[in-house]
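In the text below, chain A, chain B and the rest are named by the order of the sequence lines, each starting its count at 1.
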Protein chains: 2
Amino acid sequence: MSGTTNDVRDRRAERHDATRAEIVAAAWELARDHGLGDISLRDLAGRVGMKAQSIYSYFDSKDAIYDAMFAEGARAFLERSRDAFERRSDSDDLFEVLRDRAEGFTRFCTDDPVRYQLLFQRPIPGFEPSAEAYAPAVEALDLLHQRMTRHGLDDPAVVDLWTALLAGLTDQQISNDPGGDRWLRLVDRAVQMFVDHVTKGS
Amino acid sequence: MSGTTNDVRDRRAERHDATRAEIVAAAWELARDHGLGDISLRDLAGRVGMKAQSIYSYFDSKDAIYDAMFAEGARAFLERSRDAFERRSDSDDLFEVLRDRAEGFTRFCTDDPVRYQLLFQRPIPGFEPSAEAYAPAVEALDLLHQRMTRHGLDDPAVVDLWTALLAGLTDQQISNDPGGDRWLRLVDRAVQMFVDHVTKGS
DNA sequence: GTCTATAATCTGATAGAC
DNA sequence: GTCTATCAGATTATAGAC
């Protein structure tokens, strides 16, 4: 059994992975058009030129597709977090570092509200991301903790206040001015407010 | 036509309204159990001892039920806003007023996350609240504007920063620590941060 | 106002031929 | 790996008897 050469097996695996990626990409498109919860396997298959039943050759269930989407989003989030912190790896200016991170985060979220919804609001009843899919998101939050500690902000409450501030700007922007910049414009000001607060008395 | 007495007509209307209210109450229960988007007319009717089709004697469509829920939530929100501002109607202490309002708002939202979701996040594809249902929410936001202006905060950006701060605390609490108080504990601190910021230099 | 009956359609998922 | 055929349901909504 399995007496095939490495060449053959790689080509098959590559095609399989490519098709999986194609399905996930089509799922994002559908989610953006009809809402995250309203993806049907029939519509999804139609977009990639298949019948619904053929999807099961690539994913065990509908939730497995959501899990792949979550994993992709979480990896993108980690990558952007890394970029943002590395770009300012030499900076000791707290405001500069946090403003960069805040602008990166809010743009990441408002660029793709559906991805934001899936990653940070979990609106699909019964779906919980797997530990593997979740791991990069945890790592990204850890990067934030590390960087804040480097600036002397090791109080967990301070980190929570920071995440709340970013979540609020993002949420208001997406919910009440989609496509606009009414709350995005306030990012600098909000970061200044936060920095003033945490450096108060020093 | 309509030769009935006022008594008879009132009793009928009262019963009709009471049943409508019963249906809406059951819809809230279902939404809390299964998620806002997963209310089916069959389940809903079952809760009030009816068949699904009988619901149509009280509501023209499923969206009309969501609209009634939205209206109820918006009225409750306006009522709480009024209470909060009236309780401090004589106070000139900005921190005191805003802390009261912030605690009231975050508790209102975290007490009933599904109501928060319906009122402030609009997660049901294809549903938009009617103007009548929406009106109390607009009025509540207007109360906030008036009160802030009274304290010299007439910059719209300041009001937006305030709503973002509250939305962020609420959203993080509901999404990442449901039933707990990890972000609710930060309300006072967040309000102090905000007040320090807007009174800076005065 | 509530019911039965039913329309018309969608859903995720499985079995088995090729 | 893709298909046909099908299951076993769900869904909102309407027509018409009582």
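Here side chain to side chain donor-acceptor pair (under 3.5 Å) pairs that include residues 36-54 of chain B, with residues two or more places apart or in two chains, are B:Glu29-B:Arg47, B:Asp33-B:Arg47.
The stretch residues 47-60 of chain A touches DNA chain D through A:Met50, A:Lys51, A:Gln53, A:Ser54, A:Ser57, A:Tyr58, each having a heavy atom within less than 4.0 Å of the strand. Taking a 4.0 Å limit (strictly below) on heavy-atom distances, residues 25-40 of chain B reaches DNA chain D at B:Ile39, B:Ser40.
A salt bridge is absent between B:Asp160 and A:Arg185; no separation between the charged side-chain nitrogens and carboxylate oxygens falls under 4.0 Å. Between A:Arg107 and A:Asp111 there is no salt bridge, since none of the side-chain N atoms of the basic residue sits less than 4.0 Å from a carboxylate O of the acidic one.
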Can you list, pair by pair, the side-chain donor-acceptor contacts under 3.5 Å of residues 138-147 of chain A, counting residues two or more places apart and other chains?
from	atom 1	to	atom 2	distance (Å)
A:Glu139	OE2	A:Arg82	NH1	3.2
A:Asp142	OD2	A:Gln146	NE2	3.0
A:His145	ND1	A:Leu141	O	3.1
A:Arg147	NE	A:His151	NE2	3.4
A:Arg147	NH1	A:Phe85	O	3.4
A:Arg147	NH1	A:Arg88	O	3.3
A:Arg147	NH2	A:Arg88	O	2.8
A:Arg147	NH2	A:Ser91	O	3.0

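Helical stems in DNA chain D, defined as runs of 3 or more consecutive Watson-Crick or G-U wobble pairs with donor-acceptor distances under 3.5 Å: C:1-18 with D:1-18.
Taking A:Asp155 as the reference, B:Arg189 meet the salt bridge (charged side-chain N to carboxylate O under 4.0 Å, His left out) condition, with sequence neighbours excluded. Evaluation of the salt bridge (charged side-chain N to carboxylate O under 4.0 Å, His left out) rule for A:Asp154 yields no partner, not counting sequence neighbours. By the salt bridge (charged side-chain N to carboxylate O under 4.0 Å, His left out) test, B:Arg87 pairs with B:Asp100, sequence neighbours left out. Listed by chain and residue number, nothing satisfies the side-chain hydrogen bond (donor to acceptor under 3.5 Å, both in side chains) test with A:Asp17 (two or more places apart in sequence, or in another chain). Scanning for salt bridge (charged side-chain N to carboxylate O under 4.0 Å, His left out) contacts around A:Glu132 gives an empty result, with sequence neighbours left out. With sequence neighbours left out, the ring-ring contact (aromatic ring centres under 6.0 Å, His included) criterion links B:Tyr134 to B:Phe70.
Contacts of B:Ser61 with the nucleic acid, taken as non-hydrogen atoms under 4.0 Å apart, involve only primed sugar atoms and P, OP1 or OP2.
With 3.5 Å as the limit, one finds a donor-acceptor pair spanning the side chains of A:Asp171 and A:Gln121.
Mapping heavy-atom proximity under 4.0 Å, the span of DNA chain C touched by chain A runs 5' to 3' from C:dT11 to C:dT14.
Looking at A:Gln172, its side chain never comes within 3.5 Å of a backbone N or O of A:Asn176 through a donor-acceptor pair.
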